[in-house]
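Quick note: residue numbers are just sequence positions, from 1.
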Amino acid sequence: MKRSQNLRSLAAQAIDQVMEQKLSLSDVLPPLQERVSDKDKSLLQELCFGTLRTLPELEWLISQLMSRPLQGKHKVIHYLIAVGLYQLIHTRIPAHAALAETVEGASVLKRQQFKGVINGVLRQFQRQSDSLMAELQQHEARYWHPEWLLNRLRQAWPQQWESIVEANNHRPPMWLRVNRRFHQRDAWLELLQKAGMNGFTHHNYPDAIRLETPVPVAVLPGFADGWVTVQDASAQGCVALLNPQNGEDILDLCAAPGGKTTHILEAAPEAKVLAVDIDKKRLSRVYENLKRLGMKAEVKSGDGRYPEQWCSGRQFDRILLDAPCSATGVIRRHPDIKWLRRNNDIEDLAKLQREILNAVWPLLKPGGTLLYATCSIMPEENSQQIKQFLHSFADAKLVDTGTPDEPGKQNFPGPDEGDGFFYAKLIKAS
C-alpha cells in the first residue's frame, strides 16, 4: 500500500518542471502519480491540469498579493501558492483543508521557511477575494491564455477568437470511436445505454459517439475486446476524408500513438498499411493499439523529411499526413501547450510541415489521395501551408475541403464538438 503523499507539493513540482524545464505534463505526471494511492491519482491530475489551465489568473493574483515574486530555486513555492489559489477558487475542497495541505507542502519540499508566507498569501486572498476577482475582469489574465497566443487568435479569427478561448478553458468532452468490424455505431450506442450511460452521435463522422459524462474505459461495453476506442471526433474526421479501401497501399505518417492507423484498418481491414513515426518511444503505443484491436500493420521509425531512409521506393494509393504542429487545437486536453509553445514556434513548425509535405508527395501514386491534417488552428500551418503547396505542385488538386483561394476545412473546438483540427484533401493528377 502506497503511503500518503502531499499532493500539493507533487503538483507544484510537476508545474515547475513544465514551466521552468519545458517538459510535457504527459511525461511529468505519470511518474508522480505512481507515488500516490489510486484514489489520489485523479486529484493530483486535477490540481496539475487545473492550475496550468488557469495559470494567468493565478499569476496575476499572486502579483497583487506579494510585493516580490519568488525566483530561482524557490520558484517551486510560487507554483505551490498557485496550486493553493486554484483550490480556493476552482474546487470544492474545503478551504481549511486546502490551506493546511498547501502550507504543509512547503515542508515536504524542504522549504519550511516559506510556510508563513504561503499561509499569509492564501489567507489574504480569502479576505480580499471579492475585490480581487472583480478587478481581474479588467485584465487580459481573465482569458487564461498567454499574450502572444491571444494576439495570434485575434488576428487569425477576429469573429471566433473568444469562443475558441472559451472552449480551450473548459474540460474536454470524451469521444469514442465504435469499431465497425464488431458493431455499427447505433447498435453499440444501445449497448452503452443498457449499461446505464448516455451518448450522442456526431453529425459528420459515422463512428463517433460523445459520452454525456466521461467514464473509465474499463466500464465501456467491449472495450477490452476492441469494440470501441477513445478518440476525439475531429481526429476521426481524417479517415472519413481519406476513405481507405481494401487492397490499397496506405501510408500513415506521423502515426503515433496509432489511433488513425487502427481507424484505417477498421474501415479497410484488407488494406496494406505502413505506419511511420520519428519518435521510437511513442511507436510502442502504436503496437499496443494494434494488439488490443487484433490488427496488423507494418510499423517503422522514420523522419518524414527523408522518406528514402524508410520507404524503399514504395508508392502509395493513399497517404495520411498528420503533420507535427503547434497543437493549438487541443489546448483543452493539454493545457501545458500554452506554456510549452512560443510565438516563433509557429513559423518553425510551418517550415517543417512544408519540408515533409514536399518530401512525401512523390510517394503518392498518380490518381492517389493525400490527406494533410493538423490539430492546429493557426492559418500559417493550415490554409496558408496548402495554398503555397498548390502553387508549387501543378499536379495537386484540392477536393472536398475548401477552394484553392481558401483551402482546407478548419474545425474549432466546441463543447459538443471535436477538437480544433484542419484537413486538406489532395488528389494527384493521373
Side-chain angles (χ1 to χ4, degrees), residues 204-205 234-255 259-261 263-264 267-268 271-278 302-308 310-311 313-326 329 346 349-411 418-430:
N204 282 336
Y205 307 132
S234 292
Q236 297 183 45
C238 290
V239 171
L241 282 166
L242 186 69
N243 192 27
Q245 301 296 314
N246 284 323
E248 291 183 330
D249 279 313
I250 299 175
L251 170 63
D252 182 8
L253 186 57
C254 310
K260 299 178 188 71
T261 306
H263 197 191
I264 290 169
K272 296 183 284 291
V273 177
L274 171 61
V276 177
D277 199 277
I278 196 170
D303 188 325
R305 294 171 295 178
Y306 311 111
E308 67 279 1
W310 46 263
C311 84
R314 184 173 167 189
Q315 284 204 306
F316 301 90
D317 299 285
R318 297 179 200 264
I319 297 174
L320 172 55
L321 171 53
D322 185 5
C325 70
S326 62
I346 308 301
L349 285 161
K351 179 175 180 288
L352 173 62
Q353 293 155 359
R354 189 158 52 251
E355 290 173 357
I356 296 173
L357 191 50
N358 293 352
V360 300
W361 184 249
L363 306 185
L364 187 65
K365 295 176 184 178
T369 299
L370 185 148
L371 186 74
Y372 175 86
T374 75
C375 56
S376 168
I377 53 174
M378 295 298 171
E380 295 87 344
E381 301 177 86
N382 297 338
S383 58
Q384 292 175 23
Q385 184 76 264
I386 297 304
K387 200 168 190 176
Q388 183 173 344
F389 181 80
L390 290 169
H391 183 75
S392 302
F393 288 83
D395 60 347
K397 181 184 178 184
L398 184 75
V399 297
D400 300 336
T401 48
T403 66
D405 289 332
E406 295 184 14
K409 178 177 185 284
Q410 179 71 68
N411 287 359
D419 294 332
F421 230 87
F422 176 85
Y423 322 88
K425 185 172 180 176
L426 303 163
I427 304 292
K428 181 180 273 191
S430 297

Notebook entry, point to check: Which value, rounded to the nearest 0.5 Å, describes the distance between Q236 atom CD and F421 atom CZ?
Noted result: 10.5 Å
Check: Is the backbone N or O of C238 less than 3.5 Å from a side-chain atom of K260, with the two atoms forming a donor-acceptor pair by type?
Finding: no
Item checked: From W361 atom CH2 to I319 atom CD1, the distance as rounded to the nearest 0.5 Å -> 8.0 Å
Note to self: Under a 3.5 Å distance rule, please check whether Q410 uses its side chain to pair with a backbone N or O of S376 as donor and acceptor.
What the structure shows: yes
Margin query: Are more than 12 heavy atoms, taken from residues, nucleotides or ligands other than E406, located less than 6.0 Å from that residue's CD atom?
Written below: no
Next item on the list: Could you tell me the separation between the CG atom of L321 and the CD atom of Q353, rounded to the nearest 0.5 Å?
Entry: 8.5 Å
Margin query: For the backbone of D419 and the side chain of S234, can you confirm whether one donor and one acceptor N or O come within less than 3.5 Å of each other?
Written below: yes
Next item on the list: Keeping the roles fixed (side chain from E355, backbone from Y306), state whether a donor-acceptor pair exists under 3.5 Å.
Entry: no
Next item on the list: Identify the heavy atoms of A424 and L398 that sit nearest to each other, and give their distance.
Entry: CB-CD1, 4.1 Å
Note to self: For the backbone of G402 and the side chain of K409, can you confirm whether one donor and one acceptor N or O come within less than 3.5 Å of each other?
What the structure shows: no
Notebook entry, point to check: Is the backbone N or O of G237 less than 3.5 Å from a side-chain atom of N204, with the two atoms forming a donor-acceptor pair by type?
Noted result: no
Next item on the list: Check whether any side-chain heavy atom of D400 lies under 4.5 Å from a side-chain heavy atom of Y423, and answer yes or no.
Entry: no
Next item on the list: Report the C-alpha distance between S326 and E381 in whole Å, list the side-chain angles of each, state the deciding distance to 0.1 Å, and finish with yes or no for side-chain hydrogen bond (donor to acceptor under 3.5 Å, both in side chains).
Entry: CA-CA 8 Å; S326 62; E381 301 177 86; 2.6 Å; yes
Item checked: Minimum-distance pair of heavy atoms, taken over all atoms of Y205 and N411 -> OH-ND2, 3.2 Å
Check: Does the side chain of L370 come within less than 4.5 Å of L363's, by heavy atoms?
Finding: no
Checklist line | 4.5 Å side-chain heavy-atom contact, R318 and Q245 | finding: yes
Check: Distance from I250 atom CD1 to L320 atom CG, nearest 0.5 Å?
Finding: 9.5 Å
Notebook entry, point to check: Hey, is the main chain of D317 close enough, under 3.5 Å, to the side chain of D249 for a donor-acceptor pair?
Noted result: no
Note to self: Quick one, L352 and P324 - any side-chain contact, counting heavy atoms below 4.5 Å?
What the structure shows: yes
Check: So, the side chain of K428 versus the backbone of L364: is there a donor-acceptor pair under 3.5 Å, distance only?
Finding: yes
Check: When rounded to the nearest 0.5 angstrom, what distance separates CG in L390 from CG in D395?
Finding: 10.5 Å
